2 protein chains.
Amino acid sequence: MLHSAVLMPKPTFFNLSEKKRQKITDLAISEFASADYDNASISNIVKQAKIAKGSFYQYFEDKKDLYLYLVDSASVQRIDFIEAARKAEKSKQKRDFFRELRWRFGISIQFSLHHPQLTQIINRAAYSDSPVKKEVFQRLQAAYKKPIHDLVERGIANGDLRADLDPDLATFMILTTADNLRYFIPEKLEIDTEALTESAEIVLDMQGVERIFDGLIQVLERGMGSTTA
Amino acid sequence: MLHSAVLMPKPTFFNLSEKKRQKITDLAISEFASADYDNASISNIVKQAKIAKGSFYQYFEDKKDLYLYLVDSASVQRIDFIEAARKAEKSKQKRDFFRELRWRFGISIQFSLHHPQLTQIINRAAYSDSPVKKEVFQRLQAAYKKPIHDLVERGIANGDLRADLDPDLATFMILTTADNLRYFIPEKLEIDTEALTESAEIVLDMQGVERIFDGLIQVLERGMGSTTA
DNA sequence: CTAGAGTGTGACCGACAAGTCACATGCTGC
DNA sequence: GCAGCATGTGACTTGTCGGTCACACTCTAG
């Protein structure tokens, strides 16, 4: 995803002062987080950013260019966030498959609480229509899927998971469930969905979330775990 | 969902000859199946149907009106399809929870193969942006969720499912997994996704599908099933 | 034959979008 | 001070949309 793509905008964009560039980026994120590709409006972004339409097109080739930049950048930030969290961990002890999985669920939630708009962009990218939907979907899908798939393979290899488990199927179930937790958690904990996508500061009933994770991991562990363990 | 809503269009629409009404409906379905709410174009529908723009607005209040009609009608057709399949069954013997679940997975696939456009509309309705997204999402969600939730409750009551299982969580996992099978199956069986949403006649590797169901049900059964059974 | 309700029509309107371009401004090296 | 390049500008073009409306047609009741 990242390697070749990360800086799609024109060089002029990166010549801008940090402040101006950040302002434009922030407003663009906000726009694409609150509306899907078609409804997000360049006109609106430039109005808010108080720059001329023409200037915008000095920075970006076109709407797609900006969009891909935002999706990539959101995706990279997510990966960095997870990396950072992993490095920040004290205990070096390895977790077994399901403890590791649980940890990842937790981190995902953390990211979406800290960066609701980036999360929104990523979520939209995968499902809402856009001229580049297919490509973006596959990129994101691969980026999300690979780590889990690897984890599953390792889990099978080291006996945490049943040997006869289909790794593709297991990966699918885990990813799908994790991804849709964003609908289930607010519903179960009776939280206003609107608020989650806007404010950066949400107090979540962490105990409630933990309980959901417990239930989830329990089902997955019984369902996929090796019986000898 | 159905009760009050099913016939949103104006009476004039139902005064139309069966043929004309069907033509308009079919073209509208096709339009809203191939584009999301915003990109679906009334202008395009009337052009294809060879009726005047003004005529369209004699039949429907506005774009939302048509859209809600289509979503409702797709939803009703899905329910009818399942009902019909159930009635067509010879054996009256009751299935246990997981056999019942498996049967429902199968029927869902059948419906999406027989009515790819209706399926597309329903899928879009739940996730893509529209002025009535929230309402539609909740309606559909409820319509899908309730039957499964009931099934789960019964499963727990009769001992097919663990007594300590959270019914909401179980329902969520089942629904989410079932819903996303539409991504997994084509990927796993290496089928062109495009084709699935267009043609009505697709030959699916049913053995492959059965194998996926087997794996899925196995995980769910071990994960949620009562250990005594 | 005619009055008038119901139906059909498509040019038209206002809104808004993405993207362009001729021109203005600022900035640097000479 | 000035040539010339990079950057900034916003009115403008082109396109599409949802929705309207003054008018035409049709068909039935009297």
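Any value given below was found using the heavy atoms of this structure, including those in side chains, with hydrogens, waters and symmetry copies removed. Note on naming: letters A, B, ... go to the chains in the order of the sequence lines (proteins, then strands), and numbering restarts at 1 for each one. All figures in this text were calculated on a predicted structure; none of them were measured in a lab.
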Self-check item: Partners passing side chain to side chain contact (heavy atoms under 4.5 Å, CB included) against B:P167 (at least two apart in sequence or in another chain)
Solution: B:H149, B:V152, B:E153, B:I156
Exercise. Please list, chain by chain and in numerical order, all residues satisfying salt bridge (Lys or Arg N to Asp or Glu O under 4.0 Å) with A:R86, sequence neighbours excluded.
Key: A:E100
Quiz item: Who passes ring-ring contact (aromatic ring centres under 6.0 Å, His included) against B:F213, sequence neighbours left out?
Solution: B:F105
Quiz prompt | Pairing residues for B:N123 by the side chain to side chain donor-acceptor pair (under 3.5 Å) criterion, not counting sequence neighbours | solution = B:R182
Exercise. Look at the side-chain N and O atoms of B:N15 and state whether any lies under 4.0 Å from the OP1 or OP2 oxygen of C:dT7.
Key: yes
Show me the protein contacts with nucleotides 16-21 of chain C, counting only N or O atoms at under 3.5 Å.
residue, atom, partner, partner atom, Å
C:dA17, OP1, A:S41, OG, 3.4
C:dA18, OP1, A:A40, O, 3.3
C:dA18, OP1, A:I42, N, 3.2
C:dA18, OP1, A:K63, NZ, 3.1
C:dA18, OP2, A:I42, N, 3.1
C:dA18, OP2, A:S43, N, 3.3
C:dA18, OP2, A:S43, OG, 3.4
C:dA18, N7, A:K53, NZ, 3.2
C:dG19, OP2, A:Y57, OH, 3.0
C:dG19, OP2, A:K63, N, 2.9
C:dG19, N7, A:K53, NZ, 3.3
C:dG19, O6, A:K53, NZ, 3.1

Self-check item: For B:S43, all residues meeting side chain to side chain donor-acceptor pair (under 3.5 Å), sequence neighbours excluded
Solution: B:K53
Quiz item: Among all residues two or more places apart in sequence or in another chain, which pass the side chain to side chain contact (heavy atoms under 4.5 Å, CB included) test with B:D65?
Solution: B:M8, B:F60, B:E61, B:D62
Self-check item: Partner residues of A:K145 under the side chain to side chain donor-acceptor pair (under 3.5 Å) criterion, sequence neighbours left out
Solution: B:E187
Quiz prompt | side chain to side chain contact (heavy atoms under 4.5 Å, CB included) involving A:A52 - partner list, sequence neighbours excluded | solution = A:S55
Practice problem: Check the distance between C:dG8's C1' and B:K50's NZ and give it to me in whole angstrom. | Solution: 17 Å
Exercise. Respond yes when some side-chain nitrogen or oxygen of B:Y59 is under 4.0 Å from OP1 or OP2 of C:dG8, and no when none is.
Key: yes
Quiz prompt | Partners passing side chain to side chain contact (heavy atoms under 4.5 Å, CB included) against B:K20 (at least two apart in sequence or in another chain) | solution = B:L16, B:S17, B:I24, B:I51, B:Y59
Quiz item: Heavy-atom count around A:E190 CD within 6.0 Å, excluding the residue itself: above 12?
Solution: no
Practice problem: Taking only the side-chain heavy atoms of A:T12 (C-beta and beyond), determine which of D:dT7, C:dT7, C:dT9 contains the nearest atom. | Solution: D:dT7
Quiz item: CG of B:D65 versus C1' of D:dG18: gap in Å, rounded?
Solution: 14 Å
Quiz prompt | Lys NZ or Arg CZ of B:K188 over A:F172 ring: under 6.0 Å, within 45° | solution = no
Self-check item: Residue-level proximity of residues 17-28 of chain B to DNA chain C when a heavy atom falls under 4.0 Å
Solution: B:K20
Quiz item: Quick one: bend of the helix from C:dC1-D:dG30 to C:dC30-D:dG1 from 5 pairs per end, to 10°?
Solution: 20°
Quiz item: What's the CG-C1' distance between A:L16 and C:dC27, to the nearest Å?
Solution: 16 Å
Quiz item: Rounded to the nearest Å, what distance is computed from the CD atom of residue B:Q58 to the P atom of nucleotide C:dG10?
Solution: 13 Å
